[in-house]
Amino acid sequence: MPYTWSDFISECKSCKACALSETRNNVVIYRGSVHAPMMIVGEGPGASEDIAGIPFVGQAGKLLDLLLRAYGFEEKDFHICNIVKCRPPNNRVPTPPEAKSCMPLLGKQIRFARPKVIVLLGKTACKYFLNTDEAIGKLRGRFIEKNDYLILPTFHPAYILRNNNERITLWKDIGTVRERMEELDLIARLSDIPSMPQGRG
Ligand code: URA
């Protein structure tokens, strides 16, 4: 019997590979489309995500959605997930053993989603996905080609909510992703260039 997406969901929901399983309310697996040309990887669920069982539904998620909408991305274009699928208590950063325990599930998830482009949001996603401690300010904005994926590190939207002066950089990076996806015919060409709303976020 082939291992299906619903087998994968069941495996995630019953996972007890690390201690985060003892304090979670929900396993937070993905939102968007199962198959998508772009995967977006954050750090780990926060309080709102743990309650909803869906990634990026809090304030950072609202900013992420604003960006995706502004650049004309639709649900079929993205698959949003995290390095770890269970909330680290008090929103702390996932530890290396927690991230390592969760990696096999993320690997399976990538094989189902079959993205071409992987956007890494923030330092923690880069640390565990790229195995680097390089500062996000150094890594961001340039594609890394690895195993046939185009990986683009950028700032985490939660960081932008705290450091509004970097918002233009995040907007620019998502624009870079859109442009490359259009060039590769992974997505239709946008007729309008989006304008960044004024204010925060
Ligand atoms: N921050 C993340 O990194 N992931 C979420 O799902 C929500 C906030």
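This chain uses plain numbering: 1 for the first residue, then up along the sequence. Being a predicted model, the structure only gives us computed values, none of them experimental. Numbering of ligands and ligand atoms starts at 1, following listing order.
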**Q.** Full working for side-chain contact (heavy atoms from CB on, under 4.5 Å) between V41 and I83
**A.** CA-CA 7 Å; V41 184; I83 291 290; 3.9 Å; yes

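- Closest heavy-atom approach to atom 5 (C) of ligand 1 among the candidates A60, P55, G44: G44.
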Q: Please report the C-alpha distance between E74 and R69 in whole Å, then the side-chain angles of each, then the deciding distance to 0.1 Å, and finally whether the salt bridge (charged side-chain N to carboxylate O under 4.0 Å, His left out) criterion is met.
A: CA-CA 7 Å; E74 297 170 25; R69 264 201 314 278; over 6 Å; no

Q) Yes or no on salt bridge (charged side-chain N to carboxylate O under 4.0 Å, His left out) for E98 and R92, after CA distance, side-chain angles and deciding distance? A) CA-CA 12 Å; E98 288 161 358; R92 62 163 173 74; 2.7 Å; yes

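- Close approach of ligand 1 to H156 (heavy-atom distance below 4.0 Å) involves ligand atoms 1 (N), 2 (C), 3 (O).
- The contact set between ligand 1 and G42, taken as ligand atoms under 4.0 Å from a residue heavy atom, comprises 3 (O).
- Note: W5 and Y30 meet the aromatic proximity criterion, with ring centroids under 6.0 Å apart.
- At a 3.5 angstrom cut-off on N or O pairs, F56 counts as close to ligand 1.
- Residue E43 touches ligand 1 through backbone and side chain together, judged by heavy-atom distances below 4.0 Å.
- Aromatic ring pairs are classed by plane angle as parallel below 30°, tilted from 30° to 60° and perpendicular above 60°; the pair W171 and Y71 is tilted.
- The nearest heavy-atom contact from the protein to atom 4 (N) of ligand 1 is N82 OD1, 2.8 Å.
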